[in-house]
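What follows is a set of notes on a single structure, which appears directly below.
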Amino acid sequence: MRYTSEAVERAILELSRLPSIGRKTAQRLVMYLLKRPREDVARLAEALLALKDAVRFCRICYNVTDEDPCPICTSPRRDRSLICVVEEPNDVLAIERTHEYRGLYHVLGGLISPLAGVGPDELKIRELIARIQESASRGEPVQEVILALNPTTEGDATAYYLARLLNPMGVRVSRIARGIPIGGELEFADEATLLRALEGRVTLS
Amino acid sequence: MSVYFFRMRLRSLRLRYFRAHADSHLVFGPGLNLLVGPNGRGKTNVLEAIYVLCLSKSFLGVEDRHLVQFGRPFFELEGVFETDQGAERTVRVQYHPETGKRFWINMAPLERLADLVGRFPVVVFAPHDRRLTMDGPEERRRFLDTVISQASPLYLEDLLAYRRAMRQRNALLWAHRHERGTAWLEVLEPWNYALIHYGSRIVWRRMQFVEAFQDLLRRAYEQVAQVSEEPRIRYRPSFALEGAASLEEVAERFGTALRDIWPLERRQARTLLGPHRDELIFYLDDIEVRRYASQGQHRTLLLALKWAQYAYLEAVLEERPLLLLDDVLGDLDAHRSAAFLQVLARGGFGQVFLSATEVPDLAETKSEVVVLEIQPRVQPDPREIDHG
Ligand SMILES: [Zn+2]
């Protein structure tokens, strides 16, 4: 069944491309938007465009930021010998909420997953290696890399791959302990659980 | 016999748009529950629903979307479990094609399958089970997984992770099937690691299970067979295990075997070794059951396997599983079916759910029997084949 309006069809199609939005949900959203005043819809459209126009990725850690490099990377109060590797920007937010971690971050942008066509080259892995090498030549070497990757099969494989790359470089590689339920997500773990996981990290070698 | 068994029972069940049931509500007794009704699908569907609440899937291997009543948007099941200490657990499952299957226990959503499986242990015996001793190895692997998963939530986690790792590894092998260079092998490394890590944990658990299960099977067989044959199970993993006495050694063997088979895996572009290729072989004395046993031997062994499965879960969990018996009387003559019912009613079992076409003669049984007439306003489902 198709709507007689091409504009309605197009909006439904675009919305249903979003993760976890099926066609039915998209239809509901479109009907809702149709009933809103024009200003409301314009505000939404602007916010979406601003995402692409204003938001940038930090050239050092690849977190989302309005200024590049990001405030965490430029902060003088951060411990530069420590890098916490995470999957997505949301994970940075989750760890920042604990107010305990004082090191830097590195956002991979995903996990290795052949099924999804994601290999090491699609992630910011080469950038991580370069960053660590550069820190050593600058005289403030990274001492420890903490892998805060979700405890999924893909998280395990990515951690294994990174540990094999980083170990020969003379940095300590650790993985946060499995305080987080298996299959659970970092993003949704509460602060206390995350804190325990950070404290109980184990060295990978 | 002073072992105390924790008692858990299913007090009531509600089925919404589930198979033949548009909206049914059933209240069960603590002992033998007879589900009686005309030969349709209503009775079996009740057993299926109980199984879904306990293990998340149908025992008939039916896909979730086919469990939804034809023409309906979703199905929902709600079971109220009760312990002998009076604690209540309401398990709710809802399936919708768009959102998938979701579970709640006492209103709290479940995040992991392992939070459900094993909490309400269950053993089913249905005509479909005949495949266990007759068909290919897949049925026997499913048997292993169903029993061990209920005894150990970690096993289930490993199983899910292993399947995922294998699919990832296969995708990688397939994507690089025409590649001449070797640089990509570095990317394969983490998946070899994951495959071996999870795979060896599964093999190790299966080894231990089979060892513990032998004795239970022997005793169960003694009880159900009229002749003195000795059943034996041989666990045959896809790689040579001889002498492996620890998890580390199993992992080592798996790693070696994987290296040896590499040229073949490369050509076929898929994972050829691991627990997904395991086999379980049943013997009666020295006769391989699948190939040489008679119909009667198959039936007796199957019954013994089910009793032993019940005994295993009971011993490990210190709890009596729910026992679901689908149409087992249909195969027996009047005399045997009376004897069978007596065994059930005599106790030693917790809550039992038995489907039958008519109310059997229960004069001999002393314990409380609840008879439930199952006659939903049946709506024919054009997709259905009759499961009998
Ligand atoms: Zn940054």
Side-chain angles (χ1 to χ4, degrees), chain A residues 15-16 18-29 108 110-123 125-126 129 147 149-168 173 175 178 180-190 193 204-205, chain B residues 73-74 96-100 102-103 108-117 152-177 179 183-199 201-202 255 269-271 274:
Chain A
L15 283 170
S16 58
L18 298 173
S20 76
I21 300 217
R23 187 173 161 88
K24 278 202 181 125
T25 309
Q27 283 171 342
R28 267 199 301 277
L29 289 173
L108 288 180
L111 295 172
I112 297 177
S113 171
L115 282 168
V118 180
D121 291 347
E122 276 72 41
L123 306 173
I125 290 179
R126 243 177 316 183
I129 305 293
L147 304 176
L149 304 174
N150 284 315
T152 56
T153 316
E154 289 74 18
D156 282 356
T158 308
Y160 179 87
Y161 183 81
L162 288 172
R164 279 177 52 108
L165 279 181
L166 298 174
N167 271 323
V173 184
R175 176 124 192 238
R178 299 192 164 225
I180 303 159
I182 298 172
E185 290 191 26
L186 219 56
E187 189 186 336
F188 302 116
D190 64 76
T193 310
L204 303 180
S205 53
Chain B
F74 65 92
H96 194 283
E98 260 188 55
T99 51
R102 290 180 296 171
F103 284 87
L110 288 191
E111 282 173 26
R112 309 178 293 170
L113 198 56
D115 289 336
L116 177 74
V117 173
S152 153
L154 268 182
Y155 179 84
L156 181 61
E157 298 280 5
D158 286 339
L159 206 60
L160 297 174
Y162 175 80
R163 282 187 196 148
R164 185 87 191 145
M166 186 179 69
R167 286 183 59 214
Q168 291 282 18
R169 190 172 183 268
N170 286 345
L172 202 59
L173 291 173
W174 184 252
H176 293 269
R177 67 192 181 283
E179 196 161 317
W184 72 278
L185 293 180
E186 183 195 85
V187 193
L188 185 69
E189 243 344 276
W191 300 108
N192 289 345
Y193 155 79
L195 196 78
I196 294 168
H197 176 76
Y198 295 112
R201 288 160 65 98
I202 293 165
R270 65 201 170 99
T271 303

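Letters A, B, ... are given to chains in the order of the sequence lines, protein chains preceding strands, and every chain is numbered from 1.
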Nearest heavy atoms of B/Pro190 and A/Ala157, plus distance in Å: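 Heavy atoms of B/Pro190 and A/Ala157 come nearest at CB-O, 3.3 Å.
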
Exercise: identify the closest heavy-atom pair between A/Leu115 and B/Gln168: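 Looking at all heavy atoms of both residues, the shortest contact is N-OE1, 2.8 Å.
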
Atom pair OG (A/Ser113) and CZ (B/Arg167), whose distance is rounded to the nearest 0.5 Å: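 A/Ser113 OG to B/Arg167 CZ: 9.0 Å, rounded to 0.5 Å.
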
CG-OG1 distance between B/Leu160 and A/Thr152, expressed to the nearest 0.5 angstrom: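 Nearest 0.5 Å value for the CG-OG1 distance: 12.5 Å.
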
Heavy-atom neighbours of B/Trp174 CH2 exceed 12 at 6.0 Å: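 Counting neighbours around CH2 of B/Trp174, 12 or fewer heavy atoms of other residues, nucleotides or ligands fall under 6.0 Å, so no.
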
Enclosure of B/Arg177 CZ (heavy-atom neighbours >12, cutoff 6.0 Å):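 Correct, the count exceeds 12.
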
Under a 4.5 Å cut-off applied to non-hydrogen side-chain atoms, are [X] and [Y] in contact?
X	Y	value
B/Glu189	A/Tyr160	yes
B/Glu186	A/Arg164	no
A/Thr153	B/Trp191	yes

N-O pairing of B/Glu98 and A/Arg23 below 4.0 Å: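 Not counted as a salt bridge, because no side-chain N and carboxylate O are separated by less than 4.0 Å.
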
Interface moiety of B/Ala175 toward chain A, non-hydrogen atoms closer than 4.5 Å: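 For B/Ala175, neither part sits under 4.5 Å from chain A.
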
